[in-house]
Amino acid sequence: MTRVGLTGGIASGKSTVAEALADYGAVVIDADVLAREVVAPGTPGLAAVVARFGPQVLTAAGELDRPALGQVVFADPVARADLEAIVHPAVRARAAEVEAQAPTGSVLVHVIPLLVETGQAGSFDVCVVVDTAAQTQVTRLAERNGYSPAEAASRISAQASRQDRLGVADVVLSNDGDRQELLEQVAELWSELAPSNAAG
């Protein structure tokens with residue numbers, strides 16, 4: 001198996017790359033998706049989050065209120081570290097389960113927004129960074145999430161720096177152009193990851 005770590009800043013285009021790789025036949029394991037699974041109602045993860053942050057981070061239906069929790073952890077580095085200490089181990093355990101079920105010879109793509117921050121770069125055969133300029137990120141976040149420029153900049157600054165991400169990259173996919181330009185780079189990447197499957 002080939003294990004790929006895929007990362008990039010918020011609104012860099014990771015999802016577009018992951019979807020394209022999945023279309024080629026990669027097994028995509030998305031940390032954001034797993035992070036929602038491990039704090040779903042009834043899970044030990046959600047119980048631990050409530051024990052740490054209180055019932056005010058739950059919706060009336062008993063689900064995690066992400067905006068409410070986000071307001072707490074983005075304003076408080078200690079709170080964010082506490083949340084990560086609950087969620088990250090659970091996500092890694094779930095990712096290992098998914099990986100163990102993948103067919104032999106698969107190209108496994110782990111989509112990990114915080115790959116650099118959590119020191120996981122060395123765990124993969126190939127690290128792929130989707131790179132984009134900070135101003136492009138701000139514009140996309142404003143369009144996608146309705147953030148003000150200041151809110152967008154705050155979210156971006158909470159992550160690893162662009163330089164830190166590029167420092168661990170084996171492959172850089174530049175996403176300051178249009179979608180088609182990005183997809184062409186993904187096609188080239190796939191031909192290197194799975195030469196025998198390059199045509200399909």
Side-chain angles (χ1 to χ4, degrees), residues 4-24 26 28-39 57 64-77 79-81 83-84 87-88 91-92 95 108-121 124 126-190 193:
V4 179
L6 174 63
T7 194
I10 188 169
S12 62
K14 292 183 299 297
S15 296
T16 300
V17 172
E19 288 166 13
L21 289 170
D23 287 343
Y24 282 119
V28 173
I29 304 171
D30 190 325
D32 278 349
V33 173
L34 300 185
R36 288 189 284 274
E37 286 185 14
V38 301
V39 292
V57 299
L64 185 63
D65 186 335
R66 293 180 179 281
L69 181 59
Q71 287 185 335
V72 174
V73 300
F74 273 106
D76 183 346
R80 189 185 332 156
L83 177 63
E84 290 171 352
V87 174
H88 289 176
V91 167
R92 290 185 194 181
L108 297 161
V109 178
H110 289 259
V111 187
I112 307 177
L114 301 180
L115 179 128
V116 174
E117 293 88 333
T118 54
Q120 296 183 71
F124 297 96
V126 181
C127 281
V128 178
V129 172
V130 186
D131 181 53
T132 188
Q135 188 52 53
T136 306
Q137 288 179 274
V138 169
T139 301
R140 288 178 184 158
L141 276 174
E143 292 173 354
R144 188 182 79 185
N145 297 52
Y147 291 154
S148 69
E151 287 173 322
S154 174
R155 296 292 172 125
I156 292 166
S157 67
Q159 297 187 320
S161 71
R162 185 180 183 186
Q163 290 74 20
D164 286 344
R165 277 192 297 271
L166 291 174
V168 305
D170 297 305
V171 177
V172 177
L173 304 179
S174 177
N175 191 24
D176 285 318
D178 60 26
R179 178 183 173 88
Q180 187 55 38
E181 290 176 39
L182 180 61
L183 293 178
E184 287 170 3
Q185 294 175 75
V186 176
E188 185 175 335
L189 170 64
W190 181 253
L193 293 175

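Keep in mind that what you see is a predicted model, and the values were worked out from it rather than measured.
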Minimum heavy-atom distance between Ala11 and Thr132, given as atom pair plus value: O-CG2, 4.5 Å

Which pair of non-hydrogen atoms, one from Val91 and one from Leu34, has the smallest distance, and what is that distance? O-CD1, 3.9 Å

Taking the side chain from Gln137 and the backbone from Ile156, do they hold a donor-acceptor pair closer than 3.5 Å? no

Backbone of Ser174 reached by a side-chain donor or acceptor of Asp131 within 3.5 Å: no

Test of understanding: with ring-ring contact (aromatic ring centres under 6.0 Å, His included), list the residues that count as partners of Phe124, not counting sequence neighbours. His110

How far does CD1 of Ile10 sit from CG of Leu114, to the nearest 0.5 angstrom? 10.0 Å

N/O donor-acceptor pair under 3.5 Å between Arg165 side chain and Ala160 backbone: yes

Taking all atoms of both residues into account, what is the closest heavy-atom pair of Gly13 and Asn175, and its distance? CA-ND2, 3.7 Å

Quick one: CG on Leu6 to CD1 on Ile29, what's the gap to the nearest 0.5 Å? 12.0 Å

Which pair of heavy atoms, one from Val39 and one from Arg66, lies closest together, and at what distance? CG2-NH2, 3.5 Å

Val129 and Ala169: which non-hydrogen atoms are nearest, and at how many Å? CG2-CB, 3.5 Å

Would you mind listing every salt bridge (charged side-chain N to carboxylate O under 4.0 Å, His left out) that reaches into residues 172-187, with sequence neighbours excluded? none

Which heavy atom of Pro113 sits nearest a heavy atom of Thr7, and at what distance? O-OG1, 3.2 Å

Could you measure the distance from the OG1 atom of Thr139 to the OH atom of Tyr147? Nearest 0.5 Å is fine. 15.0 Å

